[in-house]
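A, B, ... follow the sequence lines: proteins, then strands. Residue 1 opens every chain. Hydrogens, waters and symmetry mates are skipped; everything else that's a heavy atom, side chains included, is used.
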Amino acid sequence: MNQAEVILSQLNEVQREAASLVKGPMMVIAGAGSGKTRVLTHRIAYMLAKGVSPFNILALTFTNKAAKEMKERITQLVDESSAKAVNMGTFHSVFYRILRVEGEKLGFTRNLTVYDTDDAKGVIKSIVKDMNLDPKLYLANFILSRISAAKSNLFSAEDYAKSPEILEADNISGRPLISEIFLRYSARLKNSDAMDFDDLLYYMNVLLRDFPEMLYKYQTRFQYILVDEYQDTNFAQYVIVKKLASAHHNICVVGDDAQSIYAFRGANIQNILNFKKDFPEATTIKLEQNYRSTQNIVKAANAIIKFNKKQITKEIWTDNDTGNKISILKLNNDNDEATAVANSILEAKLNYHLENKKFAILYRTNAQSRTLEEALMKQSIPYVIYGGLSFYKRKEIKDVLAYFRLVINHYDEESLLRIINYPQRGIGATTIDKLKVVAADNNVRIWNILETLDAFPNLDVGTATKARLKDFALRIKSFSTMIPKTDAYELGKVIIHQSGIMQDLLSDVSEKERVENVESLLDAMKEFTEIEPENEFDELTGELITNYFPTLDRFVSNVALLTDDEHKEKEAQDRVKLMTIHAAKGLEFDYVYVTGMEENLFPSSLSLNSRSELEEERRLFYVAITRAKKMLTLTHAHTRYKFGSLQFCEPSRFIEEIPTEFLNITERASSEKGAFKRKAQEGELFFSTAKKPLEKVSFVKKLTPKEANQNIIGTPISPDDVMENMRVFHTSFGLGTVSKTEGNGLDKKAFVRFDTVGDKTLLLKYAKLLAPKE
DNA sequence: ATGGAGACCTTTTTT
DNA sequence: AGGTCTCCAT
């Protein structure tokens, strides 16, 4: 067999067709666990084996992780150098590379900075302040989402300002000035030689739209295009892909409409549903055999997704074992839920000698991770939390990166303002305000003023301050001159020390962790300078760069679009993984726990307004359960703290949507903790094999709290009637005495001293109190 | 200019 | 509950 044949021989028949039909448009509908990545990697490897130049292949993904994984897997199939030369990456990173080269046509430079969401929010906030608007009405988040939605649909600020419908909508929402903010925002970013995430897609479109030679260039270059997770593309991405593919029609999109979970940020499921309209000659291939999960899991997933109306019909099936039924655990409150999950993991580990990394705990919102974390810690189960505060979003890292960015791009005003007085060098808010005013009056950038202070006599600051400003500019400039001849790591060290950041962090003993983080950033830079340049092509000529040198600007541009999963990957070796369901997409685990299966949490209360939003939640649930290979456990609690107040929770409707034949329901009151632990120690199994049905499990069906407390419960007390010193009964906390009340109506709170559990603050609109019969 | 107390907001999800 | 932002006191 030749290489190409070997590559195809590793696939099943349908996969083989998807991998080998490389000419013409193709849509692959890949059910969960059906070998989607396998098809993509083998398809690319097959093309390479057949002599297609890697330079002519463009493979777009949504996450860096997916791109990295694909690259690694292709490397195992064909020779490394051609695998590495494939243009593969996220939409954002690939277009960023192109825009750095071509951006001059659009008024940007090669030093182009990428603003992340925090930077963007900062700009919005400062504009809102400049315009003297109410920041509570003009919320940065809200404004940014309007701007983002506009750009994702290829509306510029000018288009926005000219659209009567949009202006009307903003008027109705009481925020008529969003269009003005948008105009200023765009100007500010351009002035800073910066683009936000949406700009990377927007400006790529402008490039292809307004410069025919650019369209021609990249159409010629990208003769074979592959798009992963096509169901998650937004309009801007869709148009780019369509334009690039329109010359050669060699486009392969892979996706699963059932796993579209990013509509909230503009992903348009129609892109995949309409592919056939865009490319009528397209071949459609459905991968329906699931290699990942048990029969029970696959069947349950099929049953659930049928509740959605809009979808491409397909029936996922598997040859795998029937497996365990899906466990439903009902718990009293969120703490019990976390404890039960931790105990369950512990038992399974002990009984079956499983590694920690076989387990994943999934949840709808990041906020849910805290209680789970505590429970795992108590049981000494090693874990790692994905998501949450990214490494690159930590204050100290952002500070250091702001220096780097300013050194590379003096016009980056977000960075400049962030560090002009950090560490403190006596350039206070007053001085900064004056700088801003003079910059605006003279229509120049702040950096222009710093650079040539004497040219701006109307800058009314003292001589001492002037000296400090001069000194600051000089220092930044001196770092800049070092870029070409000092590698990223060496220059990074110089900046961190000479800027005074390290000194500042070291001066405070409580900042030890921050010092470690900065050092860890330096480690990453060291690593960066040591790796062989991969895929460093000159974008203009397509030639491999031979005189590669790992400069600071290269490092920063690499890091700009990075999330920190690599950072975590190293520590994640054998740990239980905690993450949101969104973050779990594309991953698989033997044992999966989906927690917080409650109405208003999952599905989220924010998604209950429309059918389409609810369907997205359902697809999210579909993603969640199809992560599991062997065993799936769903948990929900009767009460949970949200926003610091206790809330009652109904089980998620999604649980009811699973046919009961696939379910195994266990209910347990919190008072049973002792019994639970004892049984666990005695080795009674919570987990069971397929032969040993879960019915044998030791949990006795307990009375619900309501039933158990029947003889105490009296009549409900209306919130308005709750008063000090009143004896009350609460279904979770038992009997207690109201020590104080506060507020009125829906906000009325009661401070209650419970006989057994102590003081609690209850928001009466949620916490139902009853008059006890004592 | 710094830091602490209190008000206020948050919960989708991510490149 | 926890984090962020604001404002006031030092």
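Here S93(A) lies out of heavy-atom contact (under 4.0 Å) with every strand. Across all strands, F91(A) comes closer than 4.0 Å to no nucleic acid atom at all (heavy-atom distances). Counting non-hydrogen atoms under 4.0 angstrom, F602(A) reaches nothing in the nucleic acid.
Position along DNA chain B of the nearest nucleotide to A367(A) versus N421(A) favours N421(A) as the more 5'-ward residue. Nearest-nucleotide mapping onto DNA chain B: of L606(A) and T90(A), the residue sitting toward the 5' end is L606(A).
Around CD of E374(A), the count of heavy atoms belonging to other residues, nucleotides or ligands within 6.0 Å exceeds 12.
Residues Q231(A) and D257(A) share a closest heavy-atom pair of CB-CA, 4.3 Å. Nearest heavy-atom pair across S173(A) and R175(A) is O-NH1, 3.1 Å.
Applying the 4.0 Å criterion to OP1 and OP2 of dT13(B), one finds that R265(A) has every side-chain N and O outside that range. For the OP1/OP2 pair of dT13(B) and a distance below 4.0 Å, the side-chain nitrogens and oxygens of S607(A) include no atom meeting the criterion. The shortest distance between the side-chain N/O atoms of K585(A) and the OP1/OP2 oxygens of dT14(B) is not below 4.0 Å. Between N64(A) and the phosphate of dT15(B), there is no side-chain N or O to OP1/OP2 separation shorter than 4.0 Å.
Nearest nucleotide to the F197(A) side chain, out of dC5(C), dT11(B), dT15(B): dT15(B). Among the nucleotides dG2(C), dT13(B), dC5(C), the one closest to any side-chain atom of R370(A) is dG2(C).
Between H582(A) and Y262(A), the ring planes lie tilted relative to each other; the angle falls in the 30° to 60° range.
Atom pair D134(A):CG and dC8(B):C1' shows a separation of 13 Å (rounding to whole Å applied). For the pair K151(A) NZ and dT15(B) C1', the computed distance is 13 Å after rounding to whole Å. For the pair I385(A) CD1 and dG2(C) P, the interatomic distance rounds to 14 Å; values are reported in whole Å. As rounded to whole Å, 8 Å separates atom C1' of dT15(B) from atom CG of L201(A). As rounded to whole Å, 18 Å separates atom P of dT15(B) from atom CG of D199(A). When rounded to the nearest whole Å, the span between CD1 of I581(A) and P of dT13(B) equals 11 Å. Atom C1' of nucleotide dT14(B) and atom CG of D196(A) are separated by 14 Å, given to the nearest angstrom. Put simply, OH on Y203(A) is 23 Å from P on dT15(B), counting in whole angstrom units.
In terms of polar N and O atoms assigned as donor or acceptor, the side chain of T117(A) comes within less than 3.5 Å of the base of dT15(B) in a complementary pairing.
At least one test fails for R97(A) against the ring of F95(A): distance under 6.0 Å to the centre or angle within 45° of the axis.
For dT6(C) and dT11(B), the C1' atoms lie 23 Å apart once the distance is rounded to whole Å.
Between F602(A) and H636(A), the ring centre distance reaches or exceeds 6.0 Å.
Evaluation of F264(A) against the base of dT13(B) yields a stacking contact (centre distance < 5.5 Å, interplanar angle < 30°).
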